[in-house]
Amino acid sequence: MKKEEIKELSIQELQARIEVAEKAYRELKVAHAISPSDNPAKITKDRREIARLKTVLRQKEIAAAQEAAAK
């Protein structure tokens, strides 16, 4: 998912995507620990995507808080 696509999502959509991505990441880590994965770079890619999602979510939360404080 590209940065532009992530920025277009709402806070609720971001939270839902983070939940799904973290669950898939945990399952991938467990599967990789049991038997090596065909593509171990996917673990890093997934971790970075979760970080991107969380970063954008936090930015939106801060912006919403500042907007609410301004009113």
Side-chain angles (χ1 to χ4, degrees):
M1 184 171 242
K2 295 183 179 179
K3 286 187 247 182
E4 295 80 24
E5 294 172 351
I6 293 172
K7 288 182 180 182
E8 293 175 1
L9 299 174
S10 70
I11 291 177
Q12 291 80 16
E13 291 172 329
L14 283 169
Q15 290 170 337
R17 292 222 183 191
I18 289 170
E19 219 173 278
V20 170
E22 284 180 336
K23 184 177 184 217
Y25 174 72
R26 283 192 303 270
E27 290 173 0
L28 184 62
K29 287 282 287 184
V30 169
H32 183 68
I34 294 170
S35 65
S37 160
D38 293 339
N39 187 5
K42 179 153 176 35
I43 296 171
T44 304
K45 181 180 168 218
D46 288 354
R47 187 177 65 240
R48 288 182 179 167
E49 183 166 340
I50 291 168
R52 278 190 206 97
L53 290 167
K54 286 184 175 183
T55 300
V56 172
L57 175 64
R58 185 66 183 138
Q59 288 172 346
K60 288 185 182 245
E61 288 173 343
I62 290 170
Q66 287 176 347
E67 192 175 296
K71 289 182 181 179

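Because only heavy atoms are used, hydrogens play no part in the values below, and waters and symmetry mates are left out as well, while side chains stay in. The structure displayed is predicted, hence computed values, not measured ones.
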Between [atom1] of [X] and [atom2] of [Y], what distance do you get to the nearest 0.5 Å?
X     : Y     : atom1 : atom2 : result
Lys7  : Gln59 : NZ    : CD    : 6.5 Å
Leu53 : Leu14 : CG    : CG    : 6.0 Å
Thr55 : Lys3  : OG1   : NZ    : 10.5 Å
Ile18 : Leu57 : CD1   : CG    : 4.5 Å
Tyr25 : His32 : OH    : NE2   : 10.0 Å
Gln12 : Gln15 : CD    : CD    : 6.5 Å

- Item | Contacts of type side chain to side chain donor-acceptor pair (under 3.5 Å), residue Lys60, not counting sequence neighbours |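 None.
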Open item on the list: Lys54 and salt bridge (charged side-chain N to carboxylate O under 4.0 Å, His left out): which single residue from Glu19, Glu61, Glu22 fits?
Closed with: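 Single pass found, and it is Glu22.
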(request) Quick one: name the residues clustered hydrophobically with Ile34, using the 4.5 Å side-chain heavy-atom rule over I, L, V, M, F, W, Y, and just say none if it's on its own. (result)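 Ile34 shares its hydrophobic cluster with Val30.
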Open item on the list: If you compare all heavy atoms of Leu9 against all heavy atoms of Glu13, which two are closest, and at what distance to 0.1 Å?
Closed with: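 Closest heavy-atom pair between Leu9 and Glu13: CA-OE1, 3.3 Å.
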- For the residue pair Ser37 and Pro40, what are the closest heavy atoms and their distance?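 Looking at all heavy atoms of both residues, the shortest contact is O-CD, 3.8 Å.
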Verify the neighbour count for atom CG of Asp38: are there more than 12 heavy atoms of other residues, nucleotides or ligands below 6.0 Å?
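Count not over threshold, so no.
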Are more than 12 heavy atoms from other residues, nucleotides or ligands located less than 6.0 Å from atom CD of Glu5?
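Above 12, so yes.
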- Is it possible for you to say whether Ile11 and Ile6 belong to one hydrophobic cluster, with membership spreading through side-chain heavy-atom contacts below 4.5 Å?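 Yes, because Ile11 and Ile6 connect within a single hydrophobic cluster, where side-chain heavy atoms sit under 4.5 Å apart.
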